[in-house]
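Here is the structure we will look at, set down as structure tokens.
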Amino acid sequence: VVAESDKCDCGGITIDDDTKQIQAVSFNYARTERVFFDEKMRKDYEVLQSRAPEGSEVSMVSYNRDDTKWVVSVRRDDGPTEYSTYDRATKKTSPLFVTQKSLLDYKFAHMEDVRITARDGLELVAYLTRADTSKPTPLILFVHGGPWARDTWGFNSSAQWFANRGYAVLQVNYRGSSGYSKTFLHKGDKEWGIGSMQHDLTDSVKWAVEQGIAIEDKVAIYGGSYGGYACLAGLTFTPDLYACGVDIVGPSNIKTLLDSIPPYWGPMRNDMLKKIGDVDNDAAFNESISPLFHIDAISKPLLIGQGANDPRVKQAESDQIAVAMCDRGIPVEYVLYPDEGHGFARPVNRIDFNARAEAFLAKHLGGRAEPITDAQSQSTAEFPLLKKRLIDNPGIIRG
């Protein structure tokens with residue numbers, strides 16, 4: 001064994017092109033850490049880190065043929081990434097460019113890496129971005145998708161947006177997230193919805209309240225894809241925990257989600273069945289973890305965003321839960337974009353949904369929101385529930 005961590009996967013290996021000797025191995029449990037096997041490289045990193053802003057992360061991203069000059073990145077949590085050249089002989093650095101230079105004119109919140117202990121003792125890595133560190137504020141639990149992915153430290157535009165609006169933002173690498181070993185990944189197997197994956201999110205909210213970070217009755221759950229599913233599950237299975245939720249392209253029925261996967265995704269479907277559980281042959285299990293079958297438990301407002309061309313989570317997943325909630329008189333807003341897929345790519349649509357989301361959050365959590373602008377009129381937003389109401393109640397349009 002050259003290098004190892006008992007907490008996370010290997011993040012990267014640097015190898016000398018000529019000798020093939022390992023120079024460094026990186027790990028990322030909460031932040032990037034390196035084990036050096038090349039003393040000269042270690043000293044170069046020390047020089048570069050000493051010149052970078054406090055708390056930032058330095059990385060060598062490319063080098064010339066004889067390894068005498070590097071292109072280096074300096075990554076921060078409160079601003080854009082900066083690139084420069086570095087001469088290993090003279091130790092001189094020369095600026096190259098900044099990814100979004102205009103952001104240097106603004107002050108942003110810092111992202112703190114924190115540890116949360118789940119109810120069964122498992123340690124979870126999470127990232128906390130706060131609008132105000134002096135007092136509790138409303139909280140947004142911002143759940144990553146995948147779920148076999150992870151959140152990382154650094155500048156996160158969504159977290160900064162929420163913080164600017166007055167919220168604390170908590171991003172949790174719940175069990176089942178990648179990067180923390182195969183054991184940690186498989187701790188999420190068959191734990192969707194009513195299992196430990198969702199419990200980790202619940203425990204994280206309670207931790208934030210206990211730590212004086214969050215106001216107990218002002219917590220929203222927000223996410224896309226699996227994060228959208230977690231939002232639906234949170235409002236369904238722990239309805240008293242959240243004040244509201246925002247679901248972007250989240251599945252509401254796991255069986256219909258998997259049934260809609262195209263044939264060429266067959267191997268991925270088989271893998272998902274092993275990790276989620278056999279919803280094909282166990283209807284009771286599927287119903288137990290699918291929010292669609294527990295709509296009557298939802299009592300808090302929900303905002304849904306969906307792309308009509310989504311190949312992963314079909315429009316029907318949002319349609320069916322939105323219509324069912326509407327029929328029961330449960331507060332729900334549903335925005336559909338006919339020219340979007342798994343998430344929103346067109347800038348006008350992103351601006352439109354973000355404006356609707358921050359207005360929704362301001363209404364239910366009390367944060368700030370910018371006034372609606374004419375820019376939203378350029379979006380392709382449609383409102384299926386409004387069309388449904390007009391069809392069900394044709395008298396609305398008389399006169």
Side-chain angles (χ1 to χ4, degrees), residues 1-115 123 125-131 133 150-157 159-160 163 169 171 173 179-180:
V1 177
V2 175
E4 64 179 350
S5 168
D6 60 358
K7 290 187 173 183
C8 64
D9 299 339
C10 173
I13 303 173
T14 306
I15 299 176
D16 186 290
D17 285 343
D18 294 323
T19 67
K20 307 305 178 186
Q21 293 295 309
I22 295 175
Q23 297 172 298
V25 177
S26 67
F27 299 94
N28 190 339
Y29 181 59
R31 299 282 302 273
T32 300
E33 301 175 1
R34 291 181 178 85
V35 178
F36 290 99
F37 299 92
D38 183 301
E39 185 63 16
K40 183 180 178 182
M41 179 173 283
R42 183 185 65 78
K43 291 181 178 178
D44 284 326
Y45 265 88
E46 289 178 351
V47 169
L48 291 166
Q49 193 66 62
S50 70
R51 298 173 183 175
E54 183 178 357
S56 62
E57 291 187 354
V58 172
S59 295
M60 180 266 287
V61 295
S62 65
Y63 50 90
N64 64 351
R65 179 61 183 164
D66 58 5
D67 199 21
T68 58
K69 293 181 175 62
W70 291 354
V71 172
V72 176
S73 69
V74 178
R75 189 163 171 257
R76 301 160 52 184
D77 59 348
D78 63 342
T81 300
E82 301 179 40
Y83 290 85
S84 61
T85 59
Y86 173 66
D87 188 309
R88 300 187 72 186
T90 64
K91 311 302 181 188
K92 180 182 178 181
T93 55
S94 301
L96 276 178
F97 64 92
V98 181
T99 52
Q100 292 176 282
K101 191 174 182 179
S102 60
L103 295 182
L104 294 174
D105 297 331
Y106 300 92
K107 182 179 180 180
F108 293 98
H110 285 289
M111 176 183 282
E112 179 184 359
D113 59 281
V114 298
R115 311 293 182 273
E123 183 177 86
V125 172
Y127 300 97
L128 176 65
T129 307
R130 302 182 67 179
T133 59
R150 63 165 291 180
D151 282 315
T152 57
W153 178 91
F155 185 85
N156 184 291
S157 58
Q160 294 295 340
V169 187
Q171 300 170 259
N173 286 322
Y180 292 98

[X] side chain to [Y] main-chain N or O, any donor-acceptor pair under 3.5 Å?
| X | Y | value |
| --- | --- | --- |
| Tyr127 | Ala30 | yes |
| Ser26 | Glu33 | no |
| Gln160 | Ala109 | yes |
| Trp153 | Asp113 | no |

Could you check if a side-chain atom of [X] sits within less than 4.5 angstrom of a side-chain atom of [Y], using non-hydrogen atoms only?
| X | Y | value |
| --- | --- | --- |
| Leu48 | Trp70 | yes |
| Ile22 | Ile13 | yes |
| Met60 | Ser73 | no |
| Gln23 | Asp67 | yes |

Regarding [X] and [Y], does a basic nitrogen lie under 4.0 Å from an acidic carboxylate oxygen?
| X | Y | answer |
| --- | --- | --- |
| Arg75 | Glu82 | no |
| Lys92 | Asp87 | no |
| Arg76 | Asp78 | yes |

Worked verdict on Tyr180 versus Asn173 for side-chain contact (heavy atoms from CB on, under 4.5 Å)
CA-CA 9 Å; Tyr180 292 98; Asn173 286 322; 2.9 Å; yes

Is it the case that Ser59 and Arg34 place a side-chain donor and acceptor less than 3.5 Å from each other?
yes

Determine the minimum heavy-atom distance between [X] and [Y], stating which atoms define it.
| X | Y | result |
| --- | --- | --- |
| Phe37 | Ala3 | CZ-CB, 4.0 Å |
| Phe108 | Leu103 | CE1-O, 3.4 Å |
| Val61 | Val72 | CG2-N, 4.3 Å |
| Lys20 | Asp17 | NZ-O, 2.8 Å |
| Ala159 | Gln171 | CB-OE1, 3.9 Å |
| Phe27 | Cys8 | CB-SG, 3.8 Å |

Can you tell which of Thr152, Thr129, Leu128 makes a side-chain contact (heavy atoms from CB on, under 4.5 Å) with Met111?
Thr129

Students often mix this up, so state it plainly: with edges at 30° and 60°, are the rings of Tyr45 and Phe36 parallel, tilted or perpendicular?
tilted

